[in-house]
Amino acid sequence: MEFTAKDVMALRERTGAGMMDCKKALVECNGDAEKAIEYLREHGIAKAAKKQGRIAAEGIVDSYIHMGGKVGVLLEVNCESDFVARGDEFKSLVHDIALHIAAANPQYLSKEEVPESVIENEKKILLAQALEEGKPQNIAEKMVEGRIKSFYEDNCLLNQKFVKDSSKTIEQLVVEATAKIGEKIAVRRFVRYEMGEGLQKKNENLADEVAAQVAQMKG
């Protein structure tokens with residue numbers, strides 16, 4: 001059974017799940033909306049999405065120090081209750097995200113936090129590159145939209161692929177944890193420090209070294 005973008009939107013309105021999750025559910029269920037709803041519920045996605053409107057005022061601030069103090073991360077993640085905040089599953093999630101930040105060095109929490117001036121400047125650069133490649137104006141503009149998506153995936157924490165499991169983004173990791181733990185979970189803010197950051201002379205690429213050590217941990 002085929003389905004359209006309107007079917008995806010309708011499923012999203014009924015379940016509160018993300019667009020990509022709704023599209024995947026419809027693909028898995030051959031376009032059957034009722035089966036897609038069951039699919040989302042079975043995978044905890046619809047339940048997790050509905051929790052996003054709730055208030056998460058508890059949580060923890062976690063720190064992650066790597067490479068003998070050369071890279072440090074402070075991260076605040078919120079949940080709904082102190083009980084969950086003190087639980088091992090929640091603490092493990094927060095620590096994994098802090099580790100990811102150390103390795104992936106995101107510049108922003110989400111794409112909504114990227115200043116419009118940054119996006120406009122990036123679009124100008126990308127458009128100029130596409131035109132330089134000999135692409136027609138209309139094609140170049142379409143290419144820019146795709147490359148802006150890649151910009152978000154490279155620079156925004158929630159859009160980045162999880163360093164310990166590249167099959168999911170940090171946002172998907174949080175959604176899965178929300179469904180499993182049963183409370184709204186929200187990454188609120190973070191800061192990453194790198195020794196010598198901003199100095200002209202740097203002898204090491206610390207982000208690459210952290211990523212390499214994370215890869216060893218996965219192995």
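Although no hydrogens or angles enter the test, the distance criterion places a donor-acceptor pair under 3.5 Å between the side chain of D7 and the main chain of T4. Proximity of a side-chain donor or acceptor of Q107 to a complementary backbone N or O of N105 within less than 3.5 Å is detected. Judged by distance alone, with hydrogens and angles left aside, the side-chain atoms of N78 form a donor-acceptor pair with the main-chain N or O of E58 at under 3.5 Å. The closest donor-acceptor contact from the side chain of S92 to the backbone of D88 lies at 3.5 Å or more, if one exists at all.
Between the side chains of S81 and E183, at least one donor N or O sits under 3.5 Å from an acceptor N or O.
How far CG of L109 is from CZ of R188: 11.0 Å, rounded to the nearest 0.5 Å. A distance of 10.0 Å separates CZ in R192 from NE2 in H66, rounded to the nearest 0.5 Å. How far CD of E171 is from NZ of K111: 8.5 Å, rounded to the nearest 0.5 Å. Once rounded to the nearest 0.5 Å, the distance linking CD1 of I97 with CD of E76 reads 12.0 Å. Here the OG1-CD1 distance, from T178 to I185, works out to 4.0 Å after rounding to the nearest 0.5 Å. Separating the CG atom in L157 from the CZ atom in R189 is a distance of 14.5 Å, to the nearest 0.5 Å.
Hydrophobic clustering (side-chain heavy atoms under 4.5 Å, transitive across Ile, Leu, Val, Met, Phe, Trp, Tyr) keeps L11 apart from M20. If you chain together hydrophobic residues whose side chains sit under 4.5 Å apart, V77 and I60 fall into the same group. Residues L74 and I65 fall into different hydrophobic clusters, defined by Ile, Leu, Val, Met, Phe, Trp and Tyr side chains chained together at heavy-atom separations under 4.5 Å. In this structure, F3 is a member of the same hydrophobic cluster as I37, with clusters built from ILVMFWY side-chain heavy atoms closer than 4.5 Å. Residues V144 and V114 fall within the same hydrophobic cluster, defined by Ile, Leu, Val, Met, Phe, Trp and Tyr side chains chained together at heavy-atom separations under 4.5 Å.
Residues A25 and Y39 share a closest heavy-atom pair of CB-CD2, 3.5 Å. Across V163 and L99, no two heavy atoms sit closer than the pair CG2-CD2, 3.9 Å. Here the shortest heavy-atom pairing between A98 and V73 reads O-CG2, 3.8 Å. Nearest heavy atoms, L26 versus A36: CD2-CB, 3.9 Å.
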(request) Step by step, work out the side chain to side chain donor-acceptor pair (under 3.5 Å) result for E176 and Q172. (result) CA-CA 6 Å; E176 289 178 2; Q172 290 170 331; over 6 Å; no
(request) Would you sort out whether E112 and S110 count as a side chain to side chain donor-acceptor pair (under 3.5 Å), showing the intermediate values? (result) CA-CA 5 Å; E112 288 76 20; S110 65; 3.2 Å; yes
(message) I'd like to know whether K164 forms a side chain to side chain contact (heavy atoms under 4.5 Å, CB included) with D96, so could you lay out the CA-CA distance, the side-chain angles of the two residues, the decisive distance to 0.1 Å, and finally the verdict.
(response) CA-CA 8 Å; K164 292 174 70 175; D96 274 347; 3.0 Å; yes
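A salt bridge is absent between D62 and K91; no separation between the charged side-chain nitrogens and carboxylate oxygens falls under 4.0 Å. Salt bridge annotation for K168-D165: present, with a cationic side-chain nitrogen under 4.0 angstrom from a carboxylate oxygen. Using a cutoff of 4.0 Å between basic side-chain nitrogens and carboxylate oxygens, E153 and K161 are not scored as salt-bridged. Using a cut-off of 4.0 Å between Lys/Arg side-chain N and Asp/Glu carboxylate O, K70 and E194 are scored as not salt-bridged.
The closest side-chain heavy-atom distance from L158 to I170 is below 4.5 Å. Residues V187 and L75 are in side-chain contact: their nearest non-hydrogen atoms beyond the backbone lie under 4.5 Å apart. Counting heavy atoms from C-beta on, the side chains of P106 and I101 come closer than 4.5 Å.
More than 12 heavy-atom neighbours from other residues, nucleotides or ligands sit within 6.0 angstrom of CG on N138.
Annotation: ring pair (Phe, Tyr, Trp, His ring centres under 6.0 Å) contacts involving residues 83-126, sequence neighbours excluded, comprise Y64-H95.
The side chain to side chain contact (heavy atoms under 4.5 Å, CB included) search around E133 returns K135, M143, R147, not counting sequence neighbours.
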Let me have the donor-acceptor pairs involving side chains of residues 120-131, under 3.5 Å, with sequence neighbours excluded, atom names and distances please.
none

